[in-house]
2 protein chains.
Amino acid sequence: MKIKKEVTIYDLAKELNYSPSTISRALNNHKSISKKTIKLIKEAAVEMGYRPNNLAAGLRNNRSNTIGILISHISRPFQASLISGIEETARKAGYNVLISQSNDKYENEISNTNALYDSRITGLIVSLSMETVDMGHFQKFIDKGIPIVFVDRVPDNFNSYKVVIDNYTAGYSATKHLIEQGCTRIAHFAGAQHRNIYEERKKGYLDALREYGLPIEEDLIIHFKTLSFEEGNKATKKLLKMPNPPDGIFSSNDTAAVSAIMCAKKMGVSVPQDLAVIGFNDDPIASIVQPSLSTVSHPANKMGTISARRILDHSVQNYDNDLSEITVLGTEIIVRESSLKKTPVLEPKQSR
Amino acid sequence: MKIKKEVTIYDLAKELNYSPSTISRALNNHKSISKKTIKLIKEAAVEMGYRPNNLAAGLRNNRSNTIGILISHISRPFQASLISGIEETARKAGYNVLISQSNDKYENEISNTNALYDSRITGLIVSLSMETVDMGHFQKFIDKGIPIVFVDRVPDNFNSYKVVIDNYTAGYSATKHLIEQGCTRIAHFAGAQHRNIYEERKKGYLDALREYGLPIEEDLIIHFKTLSFEEGNKATKKLLKMPNPPDGIFSSNDTAAVSAIMCAKKMGVSVPQDLAVIGFNDDPIASIVQPSLSTVSHPANKMGTISARRILDHSVQNYDNDLSEITVLGTEIIVRESSLKKTPVLEPKQSR
DNA sequence: ATAGGTATCGAAATCGATTGCATAAATTTA
DNA sequence: TAAATTTATGCAATCGATTTCGATACCTAT
């Protein structure tokens, strides 16, 4: 199979008897080229099958019209939605999107930041790995004026754009909701406490208990490593076997919350009557499990959109110093069956 | 904030009194550079904070060590896993990954292929949009010798690498499973028939019925547009209201299958006794819904890995003509509760 | 000592697009 | 009509890495 040669602006120039400069300017709608010429050149470009070479343009301009993403797991629903939001926004603006996943490993995060840097991305959007503590690998972007947007899992010791939800309030509201449903011994599935999101959710939980005069029992606060289904299962089993088991669980994610529901059912503990459960994220499984899971909804796609916008706006306005705009988005408590002890479920109790 | 200047191989050259050629070769472990020199140069590179410029290298080599992905929706579990597999494989080989989603629009697919082409990707991995019929927008890759791997949703009129599962056999086996469970009137949730995957699943379904001497009833075959939850709900309602309703459903995806289960429960039809259900994909919701959903599992991550490998291998071996290796992967029927009419469920029937 | 080999390294062209500066032509102004 | 603008376009350098030819120095064998 023969490989066709590339059509470049030089080919266009030769063909149309213009200089490459004019071709380039015409294709970019430069104002110093007459409309007639622009039209002529653009039509010829299409006809000859010309396609711009981003590598060449990027080299020359020292930017690649590409947004880099660094997240931990693409197939987590939240992160997939995040990426989706970024991609849509970026593409509309003519930007490409490079992705990389750390699998929650610090080491991967470092090599991925390097790989993205080497591609001279316009900006970077990051949700930190579970392990990351040191932030040194991000400095090179700052030094070169490449904007970084931290999203969801953000550092607290690094000055940059941030897009987050109000995890404290969400944790507070979720816990308060359980309290209002009559729970008095509420357990908490906590995530790694060096990650802001889990730390703040826990703080919200604690403050809600305090506010309502409920005792804080360390035994009811389980610290998870990954908030996986298996971990949730084990924790729930342990909790329900306690002499004085909890009557509510606020889980820092839906996966563990769902495992709690399923575990409780298996152990003959009825949800929500004996155990009310509320999760976090509003993953698809939340509305499928029975009883359906109350949870905190996370505007993932929107967070992606906003993060991408930050990068795009930055590169236009070229801020020089105020590299620290923080966007805090609200969350919503989605009340489903798993936490609804007081008001009867709307539909009649058939088939359950 | 000041922007630091880029460290280039020229800076290294000046600093170390070598020519840029030598620096370049040393960094690439070229054999004509002594090990001592290589070590010296590499150490200096690290110390001076040198980072290669992929744009420059890519321009010179006319390749960017980047794999482009074109799928329809990032947040579909299957596609997210696919991307994940591609990303992992690519990154291990030192490649970056550009993503784009068509949202199942032909128009987006075209503009995205252009955007990816303009970035001079090394290869392209595609799962076709629902609308795509004409394949003209892929020709430019072939012309330039850029390999394309079609995965899952593949064309049948275009010569290129393909990575698929055996949809026909999967459809056949799923249907056969329902028949073996005693179903005699099996409905089928079919997807758009111009997409290979849905067409073949349906063919397998039809052949299974024929083989077991069951009549084919057009009324039991519902053609979906998107196989969404809502569509599934509506279809199930319609089916169950028939004078002679089906006793089994083979759905082309899990979303619609789950909606069928939930709809049946709401209508007082017990699953699997009165209605056995089997889905396709093994999405997370499949194991969460109650009764849990039997389904066909799809090696999504592996398909991603293989697709990426195809690109990588191609660019090494530089095949010239045999651009049509097809990989067919097997699937697995996952039997859960929703289809198990004969054998009793293993766990005792508590709490259900 | 000389031819041939090998190990190391350099000069300079190249990839394709962009852009500051210069120029030529067309138009307006004085 | 000459001068001053404005409009439209070209020249040539530039971005950073790679690679084709060679060139040089050092060895080895005859």
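By convention in this document, chain letters (A, B, ...) are assigned in the order of the sequence lines, proteins followed by strands, and residues within each chain are numbered from 1. Quick caveat: nothing in here was measured; it's all calculated off a predicted structure.
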- Message: Taking only side-chain N and O atoms of S24(A), does any of them lie within less than 4.0 angstrom of OP1 or OP2 on dA17(C)?
- Response: no
- Task: Tell whether S21(A) reaches the base of dC11(D) with its side chain through a donor-acceptor pair below 3.5 angstrom.
- Result: yes
- Message: Test of understanding: with salt bridge (charged side-chain N to carboxylate O under 4.0 Å, His left out), list the residues that count as partners of R91(B), not counting sequence neighbours.
- Response: E87(B)
- Query: Between T37(A) and dA8(D), does any side-chain N or O lie under 4.0 Å from OP1 or OP2?
  - Reply: no
- Of R51(A) and T22(B), the one whose closest nucleotide on DNA chain C sits nearer the 5' end is T22(B)
- Shortest side-chain distance from N28(B), nucleotide among dT18(D), dG10(C), dA17(C): dT18(D)
- Among dG10(C), dC15(D), dA17(D), which is the nearest nucleotide to the side chain of R25(B)? dG10(C)
- Message: Distance alone, cut at 3.5 Å: any donor-acceptor contact between the side chains of N29(B) and K42(B)?
- Response: yes
- Message: Quick check: on DNA chain C, is the nucleotide nearest N17(B) upstream (toward 5') of the one nearest Y10(A), or the reverse? Name the residue that is more 5'.
- Response: N17(B)
- Which nucleotide in the set dA17(C), dC9(C), dT18(D) lies at the smallest distance from any side-chain heavy atom of R60(B)? dT18(D)
- Judged by nearest nucleotide, the residue sitting upstream toward the 5' end of DNA chain D, L55(B) or H30(B), is L55(B)
- Closest nucleotide among dA17(C), dA17(D), dT9(D) to the T8(B) side chain: dA17(D)
- Task: Please identify each residue that fulfils ring pair (Phe, Tyr, Trp, His ring centres under 6.0 Å) with F138(B), with sequence neighbours left out.
- Result: F150(B)
- Item | K140(B), NZ atom: more than 12 neighbouring heavy atoms under 6.0 Å | yes
